[in-house]
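One structure below.
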Amino acid sequence: MPNANTREFLQGHPADVAPLLLGWRLATQMDGVLTEVVIEEVEAYASAADAASHSHRGPTMRNKPMYGPPGTLYVYLNYGMHYLMNVIVGLEETPHAVLLRGGTPLKGIEEMQRRRGRSDSLTSGPGRLTQALGVTLAHNDTSTLSGPVRLLPPLAEGFVPYLSTPRIGISKATELPWRFLALESGQD
DNA sequence: ACGAGGATGCTCT
DNA sequence: GAGCATCCTCGTC
């Protein structure tokens, strides 16, 4: 039951869990096609107390997956064009999320290039990352512990050094340093 | 390298 | 009707 460990790992506050996810991998398998990245940039969104979080004003139709168990995938359409994805963390019913913002391609790079329609800038940015991995609303509210979009532990043991900065592209709670970026990242 | 502007549609008030 | 957890292209330096 290796996923029991991952589930436990995700149960803390998002500002604590988010940097620990740096170095973890996200793998997708769609119609037998495998793609995988190393996660290198994330942001924490903390429940209703966080004015920038989709859960700030309580449960809605859109944010329902945020209230699921840790490991739940929350996908939504942003600016009418791009899908963005979060891994839900913390305890069930507590709408904590970690936005996946960037990484380095590890497997299925040709498939990522095909999905992106270009050969560079494959996985740097939340919309690009989601597109490169083929994640859509079809995967919303699935579990990253057992579904087609899977969170996998780091390949190497050890602490991943990181930098924290304010979050990007928001207009509320801009002072919180809840964007976490792996140093020595090879983001594309 | 960097900044401006446009694309585009859903969600919640 | 306002406001987006963005990305791309094209201008200028």
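Here the structure is a predicted model, which means the values were calculated and not measured. Throughout, protein chains are lettered first and strands after them, A, B, ... in sequence-line order, and every chain is numbered starting at 1.
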Identify all side-chain donor-acceptor contacts of residues 74-81 of chain A below 3.5 Å with residues at least two apart in sequence or on another chain.
| residue | atom | partner | partner atom | Å |
| --- | --- | --- | --- | --- |
| A:Y74 | OH | A:H54 | ND1 | 2.7 |

Check which hydrophobic residues are tied to A:V38 through side-chain heavy-atom contacts below 4.5 Å, counting indirect links as well, and list them. A:L106, A:L155

Over all heavy atoms of both residues, which pair between A:G68 and A:I88 is shortest? Give the atoms and the distance, please. O-CG2, 3.8 Å

Identify, residue by residue, the members of residues 89-103 of chain A with a heavy atom below 4.0 Å from DNA chain C, and return them in order of residue number, or none. A:L99, A:R101

Donor-acceptor pairs are to be reported for all side-chain atoms of residues 141-148 of chain A against protein atoms at under 3.5 Å, with residues two or more places apart or in another chain.
| residue | atom | partner | partner atom | Å |
| --- | --- | --- | --- | --- |
| A:T142 | OG1 | A:H139 | O | 2.7 |
| A:S143 | OG | A:L145 | N | 3.1 |
| A:T144 | OG1 | A:G71 | O | 2.7 |

A:S53 side-chain N/O to A:S55 backbone N/O, donor-acceptor pair under 3.5 Å: yes

Apply side-chain hydrogen bond (donor to acceptor under 3.5 Å, both in side chains) to A:T35 and list each qualifying residue two or more places apart in sequence or on a separate chain. A:T28, A:R115

Grab the OH-C1' distance between A:Y45 and C:dC4 for me, whole Å please. 11 Å

Rounded to the Å, how far apart are A:H56 NE2 and C:dA5 C1'? 15 Å

Proximity to DNA chain B (any heavy atom under 4.0 Å), residues of residues 170-188 of chain A only: none

Should the pair A:R167-A:D50 be classified as a salt bridge under the 4.0 Å nitrogen-to-oxygen rule? yes

Just jot down the side-chain hydrogen bond (donor to acceptor under 3.5 Å, both in side chains) partners of A:T165, sequence neighbours excluded, or say none. A:R179

Side chain A:Q11, main chain A:P70, donor-acceptor under 3.5 Å: no

Under-3.5 Å N/O pairs linking protein and nucleotides 8-13 of chain B:
| residue | atom | partner | partner atom | Å |
| --- | --- | --- | --- | --- |
| B:dT8 | O2 | A:Y79 | O | 2.5 |
| B:dC12 | OP1 | A:T60 | OG1 | 2.2 |

With A:H82, which residues qualify under ring-ring contact (aromatic ring centres under 6.0 Å, His included), at least two apart? none

Expected rows: protein N/O vs nucleotides 8-11 of chain C N/O, under 3.5 Å:
| residue | atom | partner | partner atom | Å |
| --- | --- | --- | --- | --- |
| C:dC8 | OP1 | A:R116 | NH1 | 2.9 |
| C:dC8 | OP1 | A:R116 | NH2 | 2.6 |
| C:dC8 | OP2 | A:R128 | NE | 2.9 |
| C:dC8 | OP2 | A:R128 | NH2 | 2.9 |

Starting at the 5' end of DNA chain C, what dot-bracket string do you get if Watson-Crick and G-U pairs under 3.5 Å are bracketed, crossing pairs use [ ], other-strand pairs use | and unpaired bases use dots? ||||.|||||||.

Does A:M112 offer a backbone N or O that forms a donor-acceptor pair with the side chain of A:R116 under 3.5 Å? no

Write down the atom of A:V42, the atom of A:A18, and the distance for their closest heavy-atom approach. CG2-O, 3.4 Å

Return the set of residues passing side-chain hydrogen bond (donor to acceptor under 3.5 Å, both in side chains) with A:T104 (not counting sequence neighbours), or none when no residue passes. A:E40

For A:L22 and A:V160, which heavy atoms make the closest approach, and how far apart are they? O-CG2, 3.6 Å

Please find the pair of heavy atoms, one from A:L21 and one from A:F9, that lie closest to each other, and give the distance. CD2-CE2, 3.8 Å

